[in-house]
Amino acid sequence: MATVELKNVSKSYGTVEVLRDINLELEQGEFVVFVGPSGCGKSTLLRMIAGLEDITGGELRIDGQPMNDVLPAKRGIAMVFQSYALYPHMTVFENMAFGLEQARLNKAEIRERVEKAAKMLQIEAFLDRKPKQLSGGQRQRVAIGRAITCDPRVFLFDEPLSNLDAALRVDTRLEIASLGKRLPDTTMVYVTHDQVEAMTLADRIVVLNGGIVEQVGTPMELYERPASQFVAGFIGSPRMNFLNGTVAAAHGAETYGIRPEHISLSPDAGDWRGRVILTERLGSDTFVHVEVDGVGPVNVRIEGRSEVHANDEVHLTPDPASVHLFDAKGRPIPG
Amino acid sequence: MSKTVQKSRLSRSRTRSAWLFLAPMLLTLAIVAAWPLGRTIWFSFTDASLDLMGEARFVGFRNYLEYVAWGDGEGQYYGLLADARWWRSVWNTILFAVVSVSFETVFGLIIALVLNQQFRGRGLVRAAVLIPWAIPTIVSAKMWAWMLHDQFGIINDMLQTIGLIAEPIAWTASPDTAMVAVLMVDIWKTTPFMALLILAGLQMVPGDIYEAAKLDGVPPWRVFRKITLPLIMPAVLVAVVFRALDALRVFDIVYVLTPNTDATRTMSVFARENLFDYDKFAYGSAASTLLFLVIALITITFIMATRMDLEGKRS
Ligand SMILES: Nc1ncnc2c1ncn2[C@@H]1O[C@H](COP(=O)(O)OP(=O)(O)O)[C@@H](O)[C@H]1O
Ligand SMILES: [Mg+2]
């Protein structure tokens with residue numbers, strides 16, 4: 001059964017429409033990621049599910065109940081904010097217990113729930129500290145802990161990793177993924193602009209762009225069968241190469257798309273000939289930027305080390321099975 | 001070894017420039033604050049009078065307290081500490097400060113909470129609220145003196161029109177209402193200042209925790225009690241200290257609105273009367289010195305009692 005259903009949901013601020021006709025059904029226990037460029041309306045959509053923004057059109061249901069006019073605290077949701085939003089004057093324990101006190105639970109039960117969540121997130125040692133005595137990662141875990149104690153049906157995250165440094169971001173991402181596994185009945189809705197987070201965390205990804213849903217699907221569906229040129233370019237790192245002109249025209253398309261990892265490079269033979277502009281060596285991979293004669297700049301990904309250097313002449317061969325073709329409106333042309 | 005020498009040389013030159021930067025302010029403070037204060041304290045131990053300031057002689061604590069024996073085993077205490085008028089003005093001052101600052105804090109808080117909301121024309125209202133504070137005290141005190149006038153004042157006229165009072169009240173002249181009148185004008189005048197300081201505190205509260213509170217299902221009153229109030233408390237306390245310092249040395253409103261009334265004479269007014277009107281310069285200096293001590297004592301007590309965070313360590 002779907003826990004969260006959105007039917008033709010839209011949102012306007014005055015005359016400005018920021019979300020249009022969103023239709024989604026999120027299954028119970030599913031980990032869903034809303035991804036899209038900054039300003040596409042991801043946070044707004046999440047905040048409408050939370051009840052922090054009014055829904056100006058359409059209907060929201062949670063567990064079949066209409067939710068448009070239900071107070072946030074009565075929706076069975078919990079949210080982790082990008083800025084953590086911890087109460088600065090309360091200890092970690094008080095932060096986690098505050099919502100439970102509103103729910104009129106007795107002291108013993110509050111303590112039990114807080115301690116259980118604290119144990120799960122390994123923040124038991126900090127229960128008596130104030131938020132400002134914690135590092136960013138610890139604060140983030142307190143924010144997650146506060147959400148867990150409410151025992152929500154739906155867990156909402158708004159870019160929870162964006163204030164963390166790179167190493168911590170990976171660790172916390174793994175923790176959130178394992179949290180999703182440990183709460184199998186809780187639906188997770190996670191907002192990010194980072195497609196890597198989306199790909200690694202999601203059971204299903206919702207790609208938003210300019211206030212509409214571009215595509216909904218599993219990470220591999222989006223990667224292998226993008227429903228638009230936008231999705232093709234947004235999902236996958238490094239970005240898909242988009243080529244126009246003769247290459248595309250030869251296939252009867254406006255745009256010819258090929259991912260860097262689907263091109264092979266050889267020093268002496270191949271479909272395209274070009275000159276290396278720049279190489280980026282990451283150790284595990286090498287990205288080779290090639291200016292291909294009559295085609296334009298193409299990025300190639302090679303596993304491991306590569307001995308090509310700037311100004312070398314190279315030959316490239318795209319894998320014909322992995323080519324994506326798009327028409328002038330960015331719609332895919334079946335190959 | 002050479003490293004420590006270098007470091008200490010660097011820190012010595014830092015110390016030197018720090019003193020250099022501080023010097024103009026220290027000098028100014030010495031001239032405008034320390035010197036007059038020192039002189040006042042000195043005069044309070046002399047028999048100085050306005051026309052004979054140069055010939056002032058040291059007389060010890062006589063201006064503060066002196067026991068004069070009448071020879072027959074009886075005697076009497078003289079001096080400021082035995083002066084009922086002085087103690088009345090101390091009481092007036094403290095009453096004025098406590099009542100006015102309390103009302104100003106409550107009203108200021110309410111106004112600040114309103115001004116912190118989003119509504120159309122908020123900028124205009126914020127500016128308008130400041131008007132009473134922007135008018136010079138002498139001007140607003142005179143204005144209120146006219147409005148409170150027993151025969152021609154608009155306040156009596158309005159109260160009589162709506163039938164709240166039968167006879168005109170001599171607001172500023174009657175000892176029963178003089179203090180009320182002074183308090184009213186001061187609260188009217190200073191609430192905006194309080195509101196502004198508290199508003200600044202309110203705007204430091206991050207907005208996202210109110211959203212967290214919404215998700216936690218906290219009712220509005222509890223949000224105010226448990227979240228807003230604790231978070232703006234430091235700002236409120238600083239505002240209260242500022243205002244209390246001001247109120248304890250209140251002079252202009254009282255002097256303009258209700259001159260020469262026992263009911264409203266404050267320590268500052270008392271000191272001025274003795275310094276300049278009664279030609280008891282030394283006695284007035286003693287009053288000024290005590291005024292300084294009383295204000296210092298109350299302020300320090302308040303800061304310690306509320307454990308105020310003056311150095312910003314905790315915020
Ligand atoms: N209170 C508001 N008033 C007007 N426009 C807003 C408001 N909040 C957000 N928007 C607009 O809505 C769009 C979506 O914002 P948001 O959901 O925050 O995007 P993001 O996908 O980056 O989270 C943006 O173009 C933003 O300018
Ligand atoms: Mg956002």
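Keep in mind the model is a prediction, meaning the values are calculated, not measured. To find a chain, count down the sequence lines: A is the first, B the second, and so on, and within it residues start at 1.
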Count the heavy-atom pairs under 4.5 Å between each of B:A213, B:A212, B:P206 and chain A, then report the option with the highest count.
->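 Sorted descending by pairs with chain A, the first entry is B:A212.
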
Polar side-chain atom of B:R122 near backbone of B:Q117 as donor-acceptor pair, under 3.5 Å |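 Yes, the answer is positive, given that a donor and an acceptor are paired below the 3.5 Å cut-off.
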
Could you look at A:Q82 and say if it's the side chain, the backbone, both or neither that has a heavy atom under 4.5 Å from chain B?
->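 Nothing of A:Q82, per the 4.5 Å heavy-atom cut-off to chain B.
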
What part of A:L86 is in contact with chain B, defined as an atom under 4.5 angstrom from a non-hydrogen atom: side chain, backbone, both or neither?
->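 Backbone only.
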
Heavy-atom pair with the smallest gap, counting every atom of A:A147 and A:P152 |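 Answer, listing the atom of A:A147 first, then A:P152: O-CD, 3.5 Å.
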
Charged tip of [X] within 45° of [Y] ring normal and under 6.0 Å:
| X | Y | answer |
| --- | --- | --- |
| A:K11 | A:Y13 | yes |
| A:R146 | A:Y87 | yes |
| A:R111 | A:F93 | yes |

Below 4.5 Å, heavy atoms only, C-beta onward: do B:M267 and B:L290 meet side chain to side chain?
->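 The answer is no, as the side chains (C-beta and beyond) never meet within the 4.5 Å cut-off.
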
Would you call the rings of B:F193 and B:W133 parallel, tilted or perpendicular if under 30° counts as parallel and over 60° as perpendicular?
->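 Ring orientation of B:F193 relative to B:W133: parallel.
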
Test applied, side chain to side chain contact (heavy atoms under 4.5 Å, CB included); reference residue, A:Y84; option that passes from A:N163, A:N95, A:L134 =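 Of all the options given, the one that passes is A:N163.
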
Largest heavy-atom contact set with chain B, pairs under 4.5 Å, which of A:G51, A:A85, A:G99, A:A143 =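 Of the options given, most contacts go to A:A85.
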
Taking A:C150, A:A103, A:A50, A:P72 one by one, which has the highest count of heavy-atom pairs under 4.5 Å against chain B?
->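 Highest number of pairs under 4.5 Å: A:P72.
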
Using non-hydrogen atoms and a limit below 4.5 Å, what part of residues 215-233 of chain B faces chain A?
->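 When heavy atoms of chain A are the reference, residues 215-233 of chain B contributes B:L215, B:D216, B:G217, B:V218, B:P219, B:R222, B:K226, B:I227, B:P230, B:L231 within the under-4.5 Å range.
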
